[in-house]
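Start at 1 and go down the list; that is how both ligands and their atoms are numbered.
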Amino acid sequence: MAAVTFPLAGKRIWVAGHRGMVGSAVVRRLATEDCEVLTAGRDQLDLRRQAEVEAWMDQARPDAVILAAAKVGGILANDTYPADFLYENLMIEANIIHAAHRADVEKLLFLGSSCIYPKEAPQPIPESALLTGPLEPTNEWYAIAKIAGIKLAQAYRRQHGRDFISAMPTNLYGPGDNFDLNTSHVLPALIRKAHEAKMAGADHITIWGTGAPRREFLHADDCADALIFLLQRYSNHEHVNVGSGEDITILDLARLVFEVVGFAGEIRTDPSKPDGTMRKLMSGERLREMGWSQRIGLREGITSVVQNENLKGLRARK
Ligand code: GFB
């Protein structure tokens, strides 16, 4: 296993985006380390405002930053709000990365997404596929912002010798996900649809697109574990993929979710909705070689979300 080069004991670590699904998983994971976790709520700090971010960083003085704050959403949200996805993500990452440099932060971990890779990338996608071809149009705005974040971390490393690194997680799911059917990712959408159809006694559920695209899924707690692993043990220019190493068609995912929830009706597809990229399975070789492996299988992870989320309260949620 790769050696620990950045021990966390006694460190002050700012988790930017601590209320999000990944950020809150990172906070849970850091609770098992002997470090101090710093957080700032939205009411206290607007990450899109440079002066606010710099003032907060100067006052909080973290030793390390985990940049898990981002404007995120599923395929339709990405396609509908391109300006929000590009602008907000560029501002958040530029402000935090530059402020971390100004405040002499020892280590920073930036989080991207598997959508940074070209639409027609070789599968499984190695880290080196970045910027080798055109992006998937439904999420190119978000992807461009995330690519800029990787490049910012690399630029501060190169020009200023900063220990800033990047991780690229695959599609994530877990506790505290967004269940709004217009803006969510596919997994929480399927859980909600199955639950509501079951409650209503419906005979079918319609999923978006053809059901043929394949996606790779990782539980947020596994992702958080991989991120802390990288924070402690990785220090290099190139970003590192964080995935499960397996993908599944959306149709098979729907079958699995519906079985776990207990919905036995028909699955219909809606090809008028976008499929997005047909496949984006990342190569997890790099992280595996360093000694990290995933713990939570897909069925187990979905079952725990279904059991622990307040599905009855979903109707009230946006
Ligand atoms: O998870 P998802 O919204 O995002 O959609 P992406 C994945 C696939 O599931 C697409 C299909 O082929 C959708 O058409 N799908 C089927 C559904 N039914 C549904 C449904 O009810 N809701 C949703 N949302 N999808 C996003 C990117 O891409 O993934 C982001 O837009 C980011 O930039 C994120 O990278 C991880 O995997 O297509």
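- One finds no salt bridge joining R192 and D180 here, because no Lys/Arg side-chain nitrogen approaches an Asp/Glu carboxylate oxygen to under 4.0 Å.
- Ion pair E259/R299 flagged as a salt bridge, since at least one NZ, NE, NH1 or NH2 atom sits closer than 4.0 Å to an Asp/Glu carboxylate oxygen.
- In summary, the atoms of ligand 1 found under 4.0 Å from a heavy atom of N78, numbered by their order in the structure, are 27 (C), 30 (C), 31 (O), 33 (O).
- Looking only at distances, no side-chain donor or acceptor of K119 sits under 3.5 Å from a matching main-chain atom of P137.
- For A143, no heavy-atom contact with ligand 1 is shorter than 4.0 Å.
- Across M278, R215, H185, heavy-atom proximity to atom 29 (O) of ligand 1 is greatest for H185.
- Heavy atoms of K193 approach ligand 1 to within less than 4.0 angstrom.
- Here's the thing with Y142: none of its N/O atoms is less than 3.5 angstrom from an N/O atom of ligand 1.
- Counting atoms of ligand 1 from 1 in the listed order, those under 4.0 Å from a heavy atom of S184 are 3 (O), 24 (N).
- Look at K273 and you'll find every heavy atom at least 4.0 Å from all atoms of ligand 1.
- No donor-acceptor pair under 3.5 Å is formed between the side chain of K11 and the backbone N or O of A64.
- Within the listing of ligand 1, atoms 20 (C), 21 (O), 22 (N) sit less than 4.0 angstrom from a heavy atom of A189.
- Side-chain contact between K193 and F263 is absent, with no heavy-atom pair separated by less than 4.5 Å.
- The shortest contact between atom 36 (C) of ligand 1 and any protein heavy atom is with N171 OD1, 3.4 Å.
- No donor-acceptor distance shorter than 3.5 angstrom exists from the side chain of E88 to the backbone of A70, with no hydrogens or angles considered.
- Of all atoms in ligand 1, listed by their number and element, those nearer than 4.0 Å to a heavy atom of P274 are 13 (C), 14 (O).
- The main-chain N or O of A9 is never found under 3.5 Å from a side-chain atom of E33 such that the two would form a donor-acceptor pair.
- Of the options L227, D221, V37, I228, a side chain to side chain contact (heavy atoms under 4.5 Å, CB included) to R29 is made by I228 and by none of the others.
- At least one N or O atom of V186 sits closer than 3.5 Å to an N or O atom of ligand 1.
- Closest to atom 18 (N) of ligand 1, if we only count protein heavy atoms, is W208 N, 2.9 Å.
- Residues N95 and L47 have side chains not in contact (no heavy-atom distance under 4.5 Å, counting atoms from C-beta outward).
- Atom CD of E120 has 12 or fewer heavy atoms from other residues, nucleotides or ligands within 6.0 Å.
- A distance-only check finds no donor-acceptor pair linking the side chain of R286 to the backbone of V240 [under 3.5 Å].
- Close approach of ligand 1 to K280 (heavy-atom distance below 4.0 Å) involves ligand atoms 6 (P), 28 (O), 29 (O), 35 (O), 37 (O).
- Taking every heavy atom of C115 and a limit of under 4.0 angstrom, the matching atoms of ligand 1 come to 33 (O), 35 (O).
- Remark: E266 CD is packed, more than 12 non-hydrogen atoms of other residues, nucleotides or ligands lying under 6.0 Å away.
- Looking from atom 10 (C) of ligand 1 to the surrounding protein, the closest heavy atom is D275 O, 3.4 Å.
- Applying the 4.0 Å criterion to heavy atoms of P213 picks out, from ligand 1, the atoms 12 (O).
- Distances below 4.0 Å separate heavy atoms of G74 from the following atoms of ligand 1: 3 (O), 31 (O).
- The single protein non-hydrogen atom nearest to atom 35 (O) of ligand 1 is S113 OG, 2.9 Å, given as residue, atom name and distance.
- Closest to atom 27 (C) of ligand 1, if we only count protein heavy atoms, is N139 ND2, 3.2 Å.
- L311 CG to F179 CZ: the interatomic distance, rounded to the nearest 0.5 Å, is 6.0 Å.
- Inclusion of T138 in the set of residues having an N or O under 3.5 Å from an N or O of ligand 1 is not warranted.
- Residue contacts with ligand 1: I75 is placed with a nitrogen or oxygen under 3.5 Å of a nitrogen or oxygen of the ligand (distance criterion only).
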